[in-house]
Amino acid sequence: MLKALASQFRTLWTILQHSFTKAETVQYPEQQPYLAPRYRGRIVLTKDPDGEERCVACNLCAVACPVDCIALQQGVKEDGRWYPEFFRINFSRCILCGMCEEACPTYAIQLTPDFEMCEYDRKNMVYEKEHLQIEGTGKYHDYNFYRVSGLAITGKDKGQAQNEAEPVDVKSLLP
Amino acid sequence: MATIHIDGRAYEAEAGENLLQTCLNLGLDLPYFCWHPAMGSIGACRQCAVVQFQNAEDQRGRIVMGCMTPVTEGAIFSLAGDKAQQFRQNIVESLMLNHPHDCPVCAEGGECHLQDMTVMVGHRDRHYRGRKNTHRNQYLGPLINHEMNRCITCYRCTRYYNDYAGGTDLAALASRDHVYFGRHQEGVLQSEFAGNLVEVCPTGVFTDKVLVHDYTRKWDLQSAPSVCVGCAVGCNTMPGERYGKLKRVHNRFNAEVNGYFLCDRGRFGAGFVNSKKNLLYPGLRQPEGTYDALDHHQALLHMQQACTTGKVAGIGSPRASVEANFLLRSLVGAENFSPGFSAHEQPLVMEVLQLQQHTAAVIPDIATIESADAVLILGEDVTNTAPRIALALRQSVRNKALAMAADMGLQPWQDAAIRNLAQDQRNPLYIASVADTPLDDVAEVAISLAPNEIARLGNAVARNIAGEVNELPDEPLRPQVEAIVTMLMSAQRPLIISGTGCGTGTVTAAAAQLANALCAEGKRAMLCLVVPEANSLGQAMLCDADAPDLDQLQHRATSGEFETLMVLENDLYRRGPRFQIDALLAAFNQVLVLDGMDNPTTSLATLALPAANFAESEGTIVSLEGRAQRYYPLFKPPAERRPSWVWLLACLKELTHKDVEALHHFDDITRACANAIPALSGITAAAPDHHFRNLGQKIPRQTHRNSGRTAIGANVSVHEPKQAVDEESPLAYSMEGLNRAPPGALLPFVWAPGWNSNQSLHRFQGEVGGPLKGGTAGVRMLLSGTPSPGVSNYPEKGEPPFLDMPQGLWLLVPRQQIFGSEELSALSPGLCELVEDAYIEICAADAKSLGVSAGDGIVVGDSLATLEVRINDDVAQSCAGFSVGLKGAENLEALHAVSLRPADNWRRRAPTPGSEEVIGSDRALNSEARTRGRARQRPARPQGTVPEGPHV
Ligand code: SF4
Ligand code: SF4
Ligand code: SF4
Ligand code: SF4
Ligand code: FES
């Protein structure tokens with residue numbers, strides 16, 4: 001009996017203490033909370049340090065998405081790069097889980113600290129590539145997939161990627 | 001059977017089988033690269049390492065290659081032991097030393113055997129910090145993409161391309177870690193079966209070029225079991241779709257038909273499905289020649305009106321399904337229904353069916369063709385008319401090697417050893433044809449004769465075997481006859497191949513006669529007769545022998561019998577010279593055409609109805625071996641496109657036709673057709689009906705990881721539509737359901753946990769390389785005929801005569817092309833680039849006498865066509881080969897005698913850059929390399945015989 005009463009008072013005391021701590025709740029929207037860069041909000045497609053589209057339309061984000069809200073179609077550019085002919089995210093389905101970002105091998109798709117994307121009409125939540133593509137590199141500044149990949153593109157021939165030797169001379173039989 | 005121990009467990013296994021195959025059979029995961037179920041083992045990649053112990057006391061064991069180790073009684077192995085696992089991990093790591101960082105931009109990704117094996121062995125971190133070797137890629141033609149950096153030097157490609165498919169222009173070049181798999185010089189891969197490299201190569205070196213430029217990962221493809229409509233072989237395929245477009249075609253294993261391989265016409269020839277020329281809405285012709293788009297209600301009204309104003313004639317199609325043809329035949333009445341062959345071809349195909357129905361010989365499927373130990377080809381260029389058979393023949397000539405191996409106690413999977421042992425020794429293959437064929441390189445003898453002379457040769461052999469004529473004193477072909485008789489009589493399973501390809505029934509009759517004679521001698525003879533199109537044989541089965549041909553329909557229409565013509569999926573301008581078809585169509589007041597695409601016939605229709613193609617509809621077709629097979633839609637047709645059977649059934653219902661009252665589903669039509677047509681009574685068994693459920697569930701067309709479902713249509717409507725429902729089949733347009741060991745006819749794709757590539761197929765097979773667990777797709781309706789004794793097809797008045805063309809006339813003989821001679825595949829992107837210009841082929845002496853040289857123009861007949869000349873000394877004497885089905889040669893008909901003269905104002909084609917500097921081993925351009933054995937024979941003829949065929 002006494003034990004129970006003590007517990008009750010301790011609870012009251014703990015709660016009373018909270019009256020003197022700083023409030024976590026802020027007066028949104030007048031007051032904007034701080035969100036870390038890794039916060040999982042609105043999704044963007046970024047560009048590589050050379051200003052080229054980063055997304056190579058590999059489809060990994062789409063397949064990683066648990067609610068299947070990413071659809072895209074691959075195409076090949078004149079210069080040999082793979083790119084998405086269209087890239088669509090249905091944000092009315094997206095749960096901002098960040099699986100796409102984790103799956104992306106090129107750092108193209110990134111979640112940002114922007115979460116203010118309410119709409120009265122659901123169809124306005126469907127973002128196409130032009131709505132998703134930003135000019136910068138997002139959180140990852142240096143990575144350029146094509147500098148690592150073996151695929152030759154205009155301006156980067158075979159043997160010119162990271163850690164690559166010159167193309168072999170098939171006519172040589174030297175040991 | 002032997003008992004073996006793997007990791008402490010005892011298993012029963014086939015003695016003599018290799019351990020790798022045994023493990024896969026037992027459901028154990030053992031990684032591998034170079035072994036292939038159809039090509040055996042060479043032990044090159046070292047990936048399938050296991051530990052073998054001497055005996056129960058042996059604790060150390062030694063590493064052996066699973067694929068090279070035969071199963072023996074009491075053998076003890078370890079797959080899971082640290083030593084074996086570590087070894088396999090090291091192997092993958094070393095294979096990956098130079099591997100590029102390409103997966104995201106690699107068309108193999110997601111169905112890559114290398115990815116699967118890497119995950120399977122658990123390799124993760126790269127320890128090598130040196131620089132990676134790189135390679136330059138080659139242009140290998142419009143169909144196959146080359147990305148050599150990704151190679152793991154397993155040698156599967158060259159083993160397949162050279163050893164299995166008989167190609168000569170792909171090789172392993174350079175040495176050590178520089179080995180390069182490619183051509184001596186850039187250029188189109190010459191083999192007709194090069195496309196299989198896409199599936200054979202376990203990495204992304206060889207990929208489907210058309211797919212690479214409009215790529216979809218395997219997990220996103222919606223696939224359905226389908227049947228190739230490229231020719232009459234009926235190979236099983238798994239086409240895949242995304243966003244309403246057909247993306248690619250993969251092989252669907254069928255142990256009795258195509259096995260693991262397709263030809264390039266089948267693999268790359270389905271792109272016409274996406275054509276911009278597809279009809280989307282019914283079109284009603286206006287007086288000024290334009291078309292008004294209708295919806296299907298209006299179209300049906302017009303259809304019904306057309307059918308009630310006057311009598312209707314129907315022209316079916318050997319490229320449409322049995323069901324659609326059956327409905328059109330019901331609509332117009334059997335006596336007013338023409339099967340849709342050309343007037344010339346109709347009796348040929350009809351006769352082929354009869355010959356097959358009445359032969360004592362076995363009618364072989366493709367797998368059985370591979371078992372033949374002597375082959376005679378009469379007149380058919382199978383590589384170009386029924387390509388997959390040619391690939392099978394290339395295996396059949398290897399039976400000698402297998403027999404030699406068996407004598408030495410070698411297992412059939414010991415590939416390298418057997419090839420070393422046999423070298424160039426082969427079973428005999430004897431080819432008599434109008435000109436050279438791509439199979440000549442494995443033929444013991446190849447001989448060029450005019451079509452009727454080929455028949456004469458066949459008949460002489462038949463008579464000789466039947467003992468009717470023992471001596472052939474004045475037969476000019478006597479040496480050939482004797483050689484063939486010796487060859488066939490010393491074989492156990494002789495195979496005779498012929499077909500409609502050279503344009504005369506005398507040849508097919510001779511082939512059947514010969515097969516019967518062999519059977520009478522107690523041989524297990526086989527008879528394979530090739531027909532031109534995917535459903536030619538089904539069409540012959542559907543129609544009576546006296547069904548009207550196109551000429552007869554035209555006569556009856558001209559006499560005023562018919563008001564309306566209804567054409568089903570048939571471009572009539574491919575069925576005869578332009579003036580004849582013009583006259584045929586002009587004889588009717590109204591022409592209704594159901595077809596998928598805009599073509600010369602649809603553009604003359606009074607009412608054109610958009611018919612779904614094979615990828616959008618279901619249907620049954622009958623292959624040349626009499627196998628009824630069903631194809632299923634991969635996606636719902638867009639707009640107002642409907643399967644032909646839907647249009648016709650709706651029209652019949654509008655007309656309150658009594659036969660169709662009880663027909664609602666596709667299956668009902670199949671059943672009605674089977675009941676009405678005795679020859680087609682088997683077709684209901686081609687595949688399970690729409691009530692079938694696989695362990696209670698439908699079979700999904702989509703993989704379980706199909707992506708983007710809530711975004712695909714979000715640009716149109718954010719409310720996801722209900723998944724399309726398939727009421728006509730046990731397949732579902734979704735990822736729900738069960739794709740575990742479904743019936744062979746219902747296998748939409750292959751995938752198993754840990755096996756994302758097509759190598760997962762072994763999980764669907766009862767035994768690796770054997771039939772599917774769910775049974776082999778299709779039903780044979782002709783196994784071997786019912787021989788009717790006493791029926792003799794020998795020509796009553798002697799043999800067909802030798803050809804004796806008057807000076808200045810040539811006999812037109814058909815030359816088929818794998819790319820181009822078939823109507824629809826020739827419209828597919830990629831493949832269409834390989835379709836050549838139409839040509840006339842004559843020998844050098846004839847060219848000299850005409851004063852033309854290769855590349856010049858020549859006028860055929862009065863002015864039937866003006867075509868480019870090719871010089872080919874292998875064309876039979878006094879014959880001129882013409883390219884069948886190519887643009888410009890439409891007016892030419894086989895076996896017509898024509899005059900030739902040099903064309904005025906002919907503009908020679910500019911030589912295509914590079915085509916002159918192709919390497920020496922390229923067999924298309926180097927006939928010496930092609931006929932590795934003996935040169936073609938071109939026997940001289942006796943004088944004083946009568947020419948065949950009409951003169952033009
Ligand atoms: S995972 Fe990255 S690179 Fe791949 S499709 Fe998505 S955004 Fe593009
Ligand atoms: S071959 Fe396989 S492992 Fe190599 S890049 Fe392509 S998908 Fe990746
Ligand atoms: S190209 Fe492909 S099949 Fe050929 S050796 Fe390399 S990985 Fe093997
Ligand atoms: S052989 Fe005929 S059926 Fe088989 S894939 Fe080739 S074209 Fe298609
Ligand atoms: S599969 Fe056995 S060594 Fe390659």
Side-chain angles (χ1 to χ4, degrees), chain A residues 56-65 67-76 80-82 85-94 104-106 121-128 145-146 148-152 157-175, chain B residues 98-107 109-110 126 128-138 147-150 173-182 184 211-220 242-243 245 703 705-720 735:
Chain A
V56 298
C58 70
N59 252 297
L60 291 180
C61 50
V63 76
C65 177
V67 291
D68 284 345
C69 72
I70 305 179
L72 65 147
Q73 170 60 55
Q74 174 264 17
V76 185
R81 288 167 190 257
W82 282 28
E85 277 172 3
F86 73 85
F87 196 109
R88 184 178 308 130
I89 300 182
N90 179 355
F91 279 109
S92 77
R93 286 290 187 191
C94 177
C104 180
T106 66
D121 195 344
R122 238 182 98 193
K123 72 170 189 284
N124 296 336
M125 299 288 278
V126 178
Y127 281 39
E128 297 290 338
F145 172 78
Y146 282 107
V148 185
S149 158
L151 203 70
D157 201 359
K158 291 280 176 209
Q160 294 181 350
Q162 258 173 36
N163 235 359
E164 277 189 352
E166 279 294 296
V168 303
D169 174 10
V170 265
K171 296 205 177 111
S172 157
L173 288 178
L174 291 177
Chain B
N98 295 309
H99 208 75
H101 187 74
D102 268 4
C103 295
V105 289
C106 175
R126 235 180 125 75
Y128 176 68
R129 293 279 166 259
R131 297 198 301 164
K132 295 178 185 178
N133 276 345
T134 58
H135 297 274
R136 294 216 174 277
N137 302 330
Q138 285 183 327
E147 187 61 45
M148 186 51 209
N149 277 354
R150 299 171 188 154
L173 310 167
S175 64
R176 59 181 178 103
D177 60 345
H178 286 179
V179 183
Y180 186 93
F181 295 84
H184 291 74
L211 177 67
V212 167
H213 287 90
D214 189 26
Y215 183 64
T216 299
R217 299 251 176 242
K218 176 182 177 180
W219 64 64
D220 278 341
R242 178 87 170 164
Y243 304 128
K245 272 174 89 177
T703 70
R705 210 49 207 95
N706 196 288
S707 75
R709 191 179 56 83
T710 63
I712 288 177
N715 54 333
V716 180
S717 161
V718 77
H719 307 284
E720 288 104 41
M735 54 182 95

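Residue numbers begin at 1 in each chain, while the letters A, B, ... track the order of the sequences. FYI, side chains are in, hydrogens and waters are out, and symmetry mates aren't considered; it's all heavy atoms of this structure.
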Original post:
Given B:Val718 and A:Arg93, is the side-chain contact (heavy atoms from CB on, under 4.5 Å) satisfied, shown in steps?
Top reply: CA-CA 10 Å; B:Val718 77; A:Arg93 286 290 187 191; over 6 Å; no
Contact origin within [X] toward chain A - heavy atom pairs under 4.5 Å:
X        : value
B:Asn149 : side chain
B:Cys103 : neither
B:Arg709 : both
B:Arg150 : side chain
B:Tyr243 : side chain

Per-residue contact mode, [X] against chain B (heavy atom under 4.5 angstrom):
X        : value
A:Glu128 : side chain
A:Asp157 : side chain
A:Val170 : both
A:Ala161 : neither
A:Leu151 : both
A:Cys65  : backbone
A:Tyr146 : side chain

Under 4.5 Å, counting heavy-atom pairs only, tell me which of [options] racks up the most with chain A.
options                                : value
B:Asp214, B:Asn715, B:Asn133           : B:Asn715
B:Leu173, B:Val212, B:Thr216           : B:Val212
B:Pro100, B:Ser707, B:Ser717, B:Gly130 : B:Ser707

To the nearest 0.5 Å, tell me how far [X] [atom1] sits from [Y] [atom2].
X        : Y        : atom1 : atom2 : answer
A:Asn163 : B:Asn98  : CG    : CG    : 10.5 Å
B:Arg136 : A:Glu166 : CZ    : CD    : 7.5 Å
A:Gln73  : B:Ile712 : CD    : CD1   : 10.5 Å
A:Asp169 : B:His178 : CG    : NE2   : 8.5 Å

Let's test your reading of the structure: which of [options] forms the most heavy-atom pairs below 4.5 Å with chain B?
options                     : result
A:Met125, A:Arg81, A:Glu164 : A:Glu164
A:Gly150, A:Ala57, A:Gly75  : A:Gly150
A:Val126, A:Val63, A:Asn90  : A:Val63

Original post:
Quick one: does A:Asn59's side chain get under 4.5 Å of B:Tyr215's, heavy atoms only?
Top reply: no
Original post:
Mind checking whether A:Arg122 and B:His719 have side chains closer than 4.5 Å, heavy atoms only?
Top reply: yes
Subject >> Charged N-O contact under 4.0 Å between B:Glu147 and A:Lys158 >> reply: yes
Original post:
Less than 4.0 Å between a side-chain N and a carboxylate O, is that true for A:Asp68 and B:Arg705?
Top reply: yes
Exercise: identify the closest heavy-atom pair between [X] and [Y]:
X        : Y        : value
A:Phe145 : B:Pro104 : CE1-CG, 3.7 Å
A:Cys69  : B:Thr710 : CA-OG1, 3.1 Å
B:Asp102 : A:Ser149 : OD1-OG, 2.8 Å

